[in-house]
Amino acid sequence: MAGITSVETKLFYKAKGDTDFTEIELLMEVPELGGDPEKIDVTTLSDKVKKYIPGVKDLGDLAFKFLYDNSTVNSNYRVLKGLEENNTLATFKVQYPDGTAHEFDAYVSVKMDAAAVNAALTFTATFSLQSDITVTNPSA
């Protein structure tokens, strides 16, 4: 395969106790998923160059951008704002067009993006990770 586009990339969630994932619609941007381990300096006084070993990975917070919709109880803004207000730990899954998925547990915080003349209203949902990111490869 030469390459694929991000068209049809989706974000899903399920609260603890739910069995099925539900799509969070109108996703516009997905952040980088993954991270580099911190470097731990293990250089001794006899070394002529610095030496490091890998430490803990800091995956940071994940900021997803959405087209704003608050029209129904199931709209993206209302669902994510509800998770924030109830301090709900949820499981999220990013799924790419080829079937690859990244799954993680996180708390969410929501903020409206700046409004401008002749621009769409958007908001950012920032996920504070509470687990590692599990990758599922597409099935053959």
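Residues: numbered from 1 along the sequence shown. Because the structure is a prediction, the values reported are computed rather than measured.
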Please step through side-chain contact (heavy atoms from CB on, under 4.5 Å) for the pair V110 and Y77, ending with a clear verdict. CA-CA 8 Å; V110 178; Y77 182 79; 3.6 Å; yes
For the pair L89 and Q130, evaluate side-chain contact (heavy atoms from CB on, under 4.5 Å) and give the outcome as yes or no after the intermediate values. CA-CA 8 Å; L89 179 64; Q130 302 298 306; 3.6 Å; yes
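Interatomic distance, I53 CD1 to E38 CD, rounded to the nearest 0.5 Å: 12.5 Å. Taken to the nearest 0.5 Å, the OG1 atom of T134 stands 12.0 Å off from the NZ atom of K93. In this structure, I4 CD1 and E8 CD are separated by 11.5 Å, a value rounded to the nearest 0.5 Å. The CG atom of L33 sits 8.5 Å away from the CG atom of L129 when rounded to the nearest 0.5 Å. Rounded to the nearest 0.5 angstrom, K81 NZ and S109 OG are separated by 8.5 Å.
One hydrophobic cluster, built from ILVMFWY side chains closer than 4.5 Å, cannot hold both V135 and Y96; they sit in different ones. Both L121 and V79 are assigned to one and the same hydrophobic cluster, defined by single-linkage of ILVMFWY side chains at heavy-atom distances under 4.5 Å.
Residues Y52 and D41 have side chains in contact (heavy-atom distance under 4.5 Å, counting atoms from C-beta outward). In this structure, the side chains of P54 and I40 stay at 4.5 Å or more apart for every pair of heavy atoms.
Within 6.0 Å of atom CG in D36, 12 or fewer heavy atoms from other residues, nucleotides or ligands are found, so the atom counts as exposed in its surroundings.
A donor-acceptor pair under 3.5 Å links the side-chain atoms of T43 to the main chain of K51, judged by distance alone.
Closest of all the heavy-atom pairs between V7 and P97 is O-CG, 2.9 Å. The nearest pair of heavy atoms linking D105 to S131 is N-OG, 2.8 Å.
Between F92 and F127, the distance from one ring center to the other falls under 6.0 angstrom.
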Show me the donor-acceptor pairs within less than 3.5 Å that the side chains of residues 61-69 make with the rest of the protein, sequence neighbours left out.
{"from": "D69", "atom 1": "OD1", "to": "S71", "atom 2": "N", "distance (Å)": "3.0"}
{"from": "D69", "atom 1": "OD1", "to": "S71", "atom 2": "OG", "distance (Å)": "2.7"}

Donor-acceptor pairs under 3.5 angstrom involving side-chain atoms of residues 12-26: please list them, not counting sequence neighbours.
{"from": "K16", "atom 1": "NZ", "to": "T91", "atom 2": "OG1", "distance (Å)": "3.4"}
{"from": "D18", "atom 1": "OD2", "to": "A15", "atom 2": "N", "distance (Å)": "3.3"}

Side-chain donor-acceptor distances from residues 111-120 under 3.5 Å, at least two apart:
{"from": "D113", "atom 1": "OD1", "to": "T124", "atom 2": "OG1", "distance (Å)": "2.7"}
{"from": "D113", "atom 1": "OD2", "to": "T122", "atom 2": "OG1", "distance (Å)": "2.7"}
{"from": "D113", "atom 1": "OD2", "to": "F123", "atom 2": "N", "distance (Å)": "3.4"}
{"from": "D113", "atom 1": "OD2", "to": "T124", "atom 2": "OG1", "distance (Å)": "3.4"}

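Judged purely by distance below 3.5 Å, without hydrogens or angles, the side chains of N74 and T72 never pair a donor atom with an acceptor atom.
For the side-chain contact (heavy atoms from CB on, under 4.5 Å) with V94, the qualifying choice from L27, V30, T100 is V30, the only one to do so.
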